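Accompanying notes for the structure given below.
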Amino acid sequence: MSIPHHVAAGELLSALRGASCPSSALHLYSLLRVRLRPSDPSSFASRAAVFALKPLSAASSLPVLSHFHAHLLKTNLLAYPHVASSLLRCYSLLSPAVAHHLFDQIPPATCNLVVINIMLASLCRSSDLASARAFFDDIPNKDVISWSIMLACYFSHGRLADGLAFFRTMTFSTQLSADYVMLVTVLTGCASSGVLAQSCRDVHGYVVRHGLSCTIYLATALIDCYAKAGRLDYASHVFAQVPSRNVMHWTAMICGMVTHLRYEVAIQLFEEMCRRGVQPNEMTFTAMLSACGHAGLVEQGKMFFKLMVDKYGIEPSIHHYGCIVDLYAKAGKLEDAYEVIKAMRVEPNIVIWTSLLAACKKFKNFDIAVEGMEKVLTMEIIEENGGLYTLISDLYAMGGRWEDVVRIRRLMEARNVMKTRGLSSIKLGEPQGFTFSAIS
DNA sequence: ATAGGGTTAG
């Protein structure tokens with residue numbers, strides 16, 4: 001890439017702001033540095049550094065970041081709070097240990113709440129809940145972002161009820177009130193575990209009462225939450241109210257339909273979405289393939305897969321392969337399923353093998369099962385699923401391979417696996433004490 | 001006007 005000399009520094013800065021890959025960002029940054037004049041305001045240089053750091057957080061490597069870090073020290077740009085916090089965030093995503101070490105060296109005078117919240121988020125990602133909570137408790141002037149980070153941490157550890165209690169603590173014992181980002185966190189927490197529609201309605205009501213703008217994130221989370229709570233009518237209502245629907249809204253709505261077995265509606269929504277010029281993404285296609293699998297629509301599923309690859313140029317992920325293998329397997333097309341597995345560009349996971357093996361048992365095909373069975377036995381995840389041993393043992397019995405049946409039995413004993421009996425659970429009422437409306 | 005938290009699959 002070459003940039004002509006007449007391009008102004010301001011234009012380079014805008015280009016840098018939109019850069020998403022580390023190498024092009026660093027390239028633009030170095031061009032910009034060369035063009036800087038002593039008369040330029042110093043804030044200009046610090047903004048450039050912040051923009052350059054953004055893409056470094058995702059796909060970059062530690063040596064690249066250290067190199068940039070050294071440059072920031074030499075140029076004294078690290079003295080800018082925005083630059084320092086951006087750098088810390090990059091480190092926290094690449095190496096939590098380095099970020100922690102850096103954090104300890106920050107003098108108290110420069111250590112503002114932004115830096116502390118970055119550190120809290122880093123702990124939430126890399127440490128246990130108790131350590132994160134201890135750090136949170138020591139923060140002097142927590143803001144709504146500190147509380148949001150901690151709340152998300154409870155949810156990511158599967159502690160829904162504790163998270164909701166924590167949320168209520170904020171609303172009752174501080175002056176802070178939830179902003180829309182925090183409400184998105186609340187909604188996703190609710191959606192992740194057997195939520196009742198009332199919780200979504202509480203959040204929804206709060207949004208309306210407080211005149212919070214229903215952002216893309218918030219509308220998506222509401223649609224998803226209502227759908228997961230079994231209220232497709234409310235979900236559709238929110239969906240219909242969104243002024244300009246984007247791919248997230250459509251996908252959330254489609255997934256809701258698929259979850260509730262409304263496969264034809266899901267397909268209709270997909271078609272309408274395309275008609276309106278909204279481009280489906282990889283998750284939209286996962287939903288479509290899953291719909292076809294459950295509805296037994298083999299030809300339509302193949303069509304979606306082809307459409308995804310040929311027209312939209314989406315590289316199939318493990319999820320897509322999982323759906324398409326399951327689609328063939330459930331339809332008894334074991335050869336086709338096996339062929340997909342052989343041709344996959346990603347390593348097949350236990351879910352994919354299991355769906356093939358289950359179909360092999362159902363359709364009594366021992367030969368296609370053999371490779372998958374041995375593959376599965378080498379995978380570690382099997383410890384959690386005793387039923388898989390039984391499936392494999394049944395398949396060997398079906399093939400008359402009694403010595404292998406004995407081998408599997410011994411393996412089960414050696415690995416101390418119990419056959420999982422049928423388990424079912426039912427949620428009664430709301431997760432404890434979630435009375436959102438109390439904070440109106 | 002450049003820093004921190006958030007969305008859709010299973």
Side-chain angles (χ1 to χ4, degrees), chain A residues 13-14 16-17 41-54 57 77-78 80-90 92-93 110-122 124-125 136 139 142-153 155-156 178-189 191-192 214-225 227-228 235 239 242 245-259 266 273 280-291 293-294 317-320 322-323 326 349-352 354-355:
Chain A
L13 191 68
S14 325
L16 182 56
R17 174 195 243 143
S42 52
S43 65
F44 196 88
S46 74
R47 270 159 65 197
V50 167
F51 292 148
L53 276 165
K54 197 125 215 167
S57 62
L77 281 167
L78 207 52
Y80 290 87
H82 291 71
V83 175
S85 54
S86 299
L87 180 73
L88 183 68
R89 185 171 177 273
C90 286
S92 80
L93 292 168
T110 6
C111 194
N112 60 25
L113 190 53
V114 173
V115 163
I116 290 171
N117 283 341
I118 289 169
M119 204 52 222
L120 174 63
S122 176
C124 286
R125 278 189 300 269
F136 172 85
I139 301 175
K142 308 169 190 45
D143 65 3
V144 69
I145 297 181
S146 324
W147 283 85
S148 292
I149 296 166
M150 196 63 229
L151 177 65
C153 192
F155 291 155
S156 67
D179 63 2
Y180 81 90
V181 178
M182 192 173 206
L183 295 178
V184 169
T185 306
V186 173
L187 285 170
T188 46
S192 70
C214 209
T215 61
I216 293 172
Y217 280 119
L218 194 45
T220 306
L222 272 173
I223 293 166
D224 176 55
C225 198
K228 287 209 170 81
F239 179 72
V242 177
R245 279 164 283 197
N246 80 355
V247 61
M248 300 296 184
H249 304 120
W250 284 97
T251 304
M253 197 64 238
I254 289 171
C255 289
M257 292 299 174
V258 174
T259 306
M273 167 185 172
N281 66 15
E282 66 284 351
M283 293 206 187
T284 323
F285 279 108
T286 305
M288 298 324 294
L289 294 173
S290 160
H294 290 294
S317 74
I318 193 87
H319 302 290
H320 301 121
C323 290
D326 199 54
N349 60 17
I350 199 152
V351 177
I352 288 179
T354 305
S355 101

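Note that the structure is a prediction, hence the values are computed from the model and not measured. The chains referred to below are lettered A, B, ... by the order of the sequence lines, with proteins before strands, and numbering in each begins at 1. Side-chain atoms are counted along with the backbone in the values below, which use heavy atoms only and exclude waters and symmetry mates.
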By nearest atom, which of the nucleotides B:dG5, B:dG6, B:dA3 is closest to the A:Val184 side chain? B:dG6
Considering every strand and a 4.0 Å limit on heavy-atom distances, what is the contact class for A:Lys142: base, sugar-phosphate, or nothing? nothing
For the side chain of A:Ser85 and the backbone of A:Pro81, is there at least one donor-acceptor N/O pair under 3.5 Å apart? yes
Report which part of the nucleic acid A:Thr215 touches: base, sugar-phosphate, or nothing (heavy-atom distance under 4.0 Å, all strands). base
Distance in angstrom units between A:Leu218 CG and B:dG6 C1', rounded: 10 Å
Just by distance, no angles: are the side chains of A:Arg125 and A:Ser92 close enough, under 3.5 Å, to form a donor-acceptor pair? yes
Give A:Met150 one of three labels, base, sugar-phosphate or nothing, depending on what nucleic acid heavy atoms sit under 4.0 Å from its own. nothing
Using a 4.0 Å heavy-atom cut-off across all strands, classify A:Ser86 as base, sugar-phosphate, or nothing. sugar-phosphate
Taking atom types as modelled, find out whether A:Ser46 and A:His82 have a side-chain donor-acceptor pair closer than 3.5 angstrom. no
Of all the choices, B:dA9, B:dG6, B:dG5, which nucleotide is nearest to the side chain of A:Asp179 once you look at every atom? B:dG5
Write down the distance between CD1 (A:Ile116) and P (B:dG5), rounded to a whole number of angstrom. 15 Å
For atom CG of A:Asp143 and atom C1' of B:dG5, their distance in whole Å: 9 Å
If we count only N and O atoms by modelled type, under 3.5 Å, do the side chains of A:Ser148 and A:Thr185 hold a donor and an acceptor together? no
Between B:dA9, B:dG5, B:dA3, which one does the side chain of A:Ile149 approach most closely? B:dG5
CD of A:Glu282 versus P of B:dT8: gap in Å, rounded? 13 Å
Without decimals, in angstroms, what is the distance between A:Trp147 CH2 and B:dG6 C1'? 18 Å
Listed nucleotide nearest any side-chain atom of A:Thr286, set B:dA9, B:dT8, B:dG6: B:dA9
Quick one: label A:Leu113 by what it contacts on the DNA or RNA (base, sugar-phosphate, nothing), any heavy atom closer than 4.0 Å. base
Measure from CZ on A:Phe285 to P on B:dG10 and round the result to the nearest Å. 15 Å
